[in-house]
Amino acid sequence: MSQFSETDFKTDNYSSARPNYPLTFYQYLSQYHIGGNNLLVDVGCGPGTATFQLVENLSNFDKIIGTDISEPMIKQAREKLSTINKLSKPIVEFQVSSSEAFNFLQNGQKCDMVTAAECAHWFNFNNFQNVVANNLNPRGTFAIWGYIDSVLVDYPGTDELMLDLQYGDNKLGPYWEQPGRNILRDLLQDKHLDSTLFEKIEEKHILARETAPENNCSKNSDTAKFPLRISKQMTLNAYVAYLRTCSAYHAWKKDIKNAHSPDPCDELVSQLQSLHPELKDMNQIVHVAWSSFYILGTRR
């Protein structure tokens, strides 16, 4: 996570290349929520990817605050906020703050919803959920979600190439911050909400290949009904740009021993194009899907 706080991390590239979360998930989250609608806090908001979607899709909240420990990320979120039309509701602001600090709340104020998108794997999970519980009103919602490990849906034979890029010992593997990356790879399946603090707990996940059309024949299947299926149609060039937004690639680039080494993303492109000549056109549209998960709980 420290890579995202460095001043030379390209937060604008990160923001533009990352996938959005589907409307179906925000609809599901809205239906799940039974608490008040005064304050929503989006922890680990980065450049505001989920925060601005929450503003649009959960607009019944009076105020939404995005927080992140990274000053460059918050700076970009504030810049984006300044370019959009000001709305009377919800009021939106961004604060530099760690996941376990809610010092921006004043006069005993508490939240009605706390969200954490694509970030909880960096936190001490038990400490985080205890802090959230202490700052949530009864019946308030705690929502965690995220994604990892993309595949090219129409090219299943390339999955191993993707994994080699991300985790190969001579590629980006050694540059991931741990244990956070492995926690995310496991889709937080060993992280659970405390049932003495939360009720209505839901813990769900889906693998990227399970989102492919051939695996969704039944509209009544759990897979077909999963609300957080993350996918994106993008050019191959844009997909490679996305791969270069990861913290491990940033760390790989900064390692002086790689100064004269082949770029691992360029090597991946060469391998893809060798297997599938049509991908020599970097403007070729590819269908990308990610594994994803969510954890929901209601404050007792």
**Request:** Would you check, one step at a time, whether the test salt bridge (charged side-chain N to carboxylate O under 4.0 Å, His left out) holds for Glu93 with Lys63?
**Result:** CA-CA 8 Å; Glu93 66 180 58; Lys63 187 173 185 177; 3.1 Å; yes
**Item:** Worked check of side-chain contact (heavy atoms from CB on, under 4.5 Å) between Lys171 and Glu267
**Value:** CA-CA 10 Å; Lys171 300 289 177 64; Glu267 288 187 308; 3.4 Å; yes
**Prompt:** Passes salt bridge (charged side-chain N to carboxylate O under 4.0 Å, His left out), Asp68 versus Lys75? Steps please.
**Reply:** CA-CA 10 Å; Asp68 200 284; Lys75 180 175 183 289; over 6 Å; no
**Request:** Could you go through the salt bridge (charged side-chain N to carboxylate O under 4.0 Å, His left out) check for Asp194 and Arg300 one step at a time?
**Result:** CA-CA 11 Å; Asp194 185 340; Arg300 289 187 178 275; over 6 Å; no
**Request:** Walk me through it: do Tyr242 and Ser150 pass the test side-chain hydrogen bond (donor to acceptor under 3.5 Å, both in side chains)?
**Result:** CA-CA 10 Å; Tyr242 154 75; Ser150 59; 4.6 Å; no
**Derivation and outcome, side-chain contact (heavy atoms from CB on, under 4.5 Å), residues His192 and Phe125** = CA-CA 9 Å; His192 307 288; Phe125 192 86; 5.7 Å; no
**Request:** Give the intermediate values and the outcome of side-chain contact (heavy atoms from CB on, under 4.5 Å) for residues Trp122 and Glu177.
**Result:** CA-CA 9 Å; Trp122 299 119; Glu177 292 184 67; 3.6 Å; yes
**Request:** Decide yes or no on side-chain contact (heavy atoms from CB on, under 4.5 Å) for Arg299 and Arg139, but give the supporting numbers first.
**Result:** CA-CA 5 Å; Arg299 183 69 169 101; Arg139 295 164 60 91; over 6 Å; no
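Using a 4.5 Å heavy-atom threshold, the side chains of Trp252 and Pro174 count as separate. Annotation: side chain of Asp149 is not in contact with side chain of Met162 (no heavy-atom distance under 4.5 Å). At least one side-chain heavy atom of Leu81 sits less than 4.5 Å from a side-chain heavy atom of Val92. Within the 4.5 Å cutoff, side-chain heavy atoms of Gln53 are placed close to those of Asn20. Annotation: side chain of Lys191 is in contact with side chain of Ile183 (closest heavy-atom distance under 4.5 Å). Residues Leu39 and Ile65 form a side-chain contact, since some pair of their non-hydrogen atoms from C-beta on lies under 4.5 Å apart. Between Tyr294 and Ile144 there is no side-chain heavy-atom pair separated by less than 4.5 Å. No side-chain heavy atom of Ser292 sits less than 4.5 Å from a side-chain heavy atom of Tyr21.
When all heavy atoms of Cys265 and Leu165 are compared, the pair lying nearest together is N-CD1, 4.1 Å. Of all heavy-atom pairs spanning Thr49 and Pro19, the tightest one is CG2-O, 4.2 Å. Closest approach of Pro227 and Pro22 over heavy atoms only: O-CG, 3.6 Å. The heavy-atom pair separating Phe102 from Val43 by the smallest distance is CZ-CG2, 4.0 Å. Here the shortest heavy-atom pairing between Leu188 and Ala120 reads CD2-CB, 4.1 Å. Among all heavy-atom pairs drawn from Ser97 and Thr67, the shortest one is CB-CB, 4.1 Å.
Residue-environment remark: CD (Glu56) stays at or below the threshold of 12 foreign heavy atoms within 6.0 Å. Counting heavy atoms of neighbouring residues, nucleotides and ligands inside a 6.0 Å radius, atom CG of Asp169 does not exceed 12 of them. Heavy atoms of other residues, nucleotides or ligands lying less than 6.0 angstrom from CD of Gln178 number more than 12.
The structure places CZ of Arg181 at 5.5 Å from CD of Gln166, a figure rounded to the nearest 0.5 Å. Rounded to the nearest 0.5 angstrom, Lys280 NZ and Ser274 OG are separated by 7.5 Å. Here the CZ atom belonging to Phe52 is positioned 13.5 Å from the CG atom belonging to Asn57, to the nearest 0.5 angstrom. Atom CD of Gln273 sits about 6.5 Å away from atom CG of Leu236, to the nearest 0.5 Å. Taken from SG in Cys45 to CD1 in Ile69, the straight-line distance is 12.0 Å, to the nearest 0.5 Å. Taking CG from Asp112 and NZ from Lys110, the interatomic distance works out to 11.0 Å, rounded to the nearest 0.5 Å.
When the side chains of ILVMFWY residues are joined at heavy-atom separations under 4.5 Å, either directly or via intervening members, Leu54 and Ile84 end up in a single hydrophobic cluster. Each of Leu23 and Leu29 belongs to its own hydrophobic cluster when Ile, Leu, Val, Met, Phe, Trp and Tyr are linked at side-chain heavy-atom distances under 4.5 angstrom. Hydrophobic clustering places Phe128 together with Leu105 (ILVMFWY residues linked when any side-chain heavy atoms are closer than 4.5 Å, directly or through intermediates). When hydrophobic clusters are built by joining Ile, Leu, Val, Met, Phe, Trp and Tyr residues whose side-chain heavy atoms come closer than 4.5 Å, directly or via intermediates, Met282 is grouped together with Tyr155. Under the 4.5 Å side-chain contact rule for hydrophobic residues, Ile206 and Leu228 share a cluster.
Using a 3.5 Å distance cut-off with no hydrogens or angles, the side chains of Thr115 and Asp42 do pair a donor with an acceptor. For the residue pair Glu202 / Tyr28, a side-chain donor-acceptor distance below 3.5 Å is found, with atom types taken as modelled. No hydrogens or angles considered: a donor-acceptor pair under 3.5 Å links the side chains of Arg18 and Tyr147. Side-chain contact, Asp263 with Tyr249: a donor N or O sits under 3.5 Å from an acceptor N or O.
Cation-pi geometry between Lys200 and Tyr32 is met: under 6.0 angstrom from the ring centre, within 45 degrees of the axis. Cation-pi geometry between Arg185 and Tyr167 is met: under 6.0 angstrom from the ring centre, within 45 degrees of the axis.
Side-chain atoms of Asn137 do not come within 3.5 Å of backbone N or O of Gly140 as any donor-acceptor pair. At least one donor-acceptor pair closer than 3.5 Å links the side chain of Ser70 to the backbone N or O of Met73. Proximity of a side-chain donor or acceptor of Thr211 to a complementary backbone N or O of Leu207 within less than 3.5 Å is not detected. Judged purely by atom type and a 3.5 angstrom limit, Asp186 has no side-chain atom pairing as donor or acceptor with the backbone of Asn182. Proximity of a side-chain donor or acceptor of Asn130 to a complementary backbone N or O of Asn126 within less than 3.5 Å is detected.
A ring-centre distance under 6.0 Å is found for Trp145 and Phe25.
Results of the side chain to side chain donor-acceptor pair (under 3.5 Å) test with His33 over Asn60, Thr298, Thr141 single out Thr141 as the only residue that passes.
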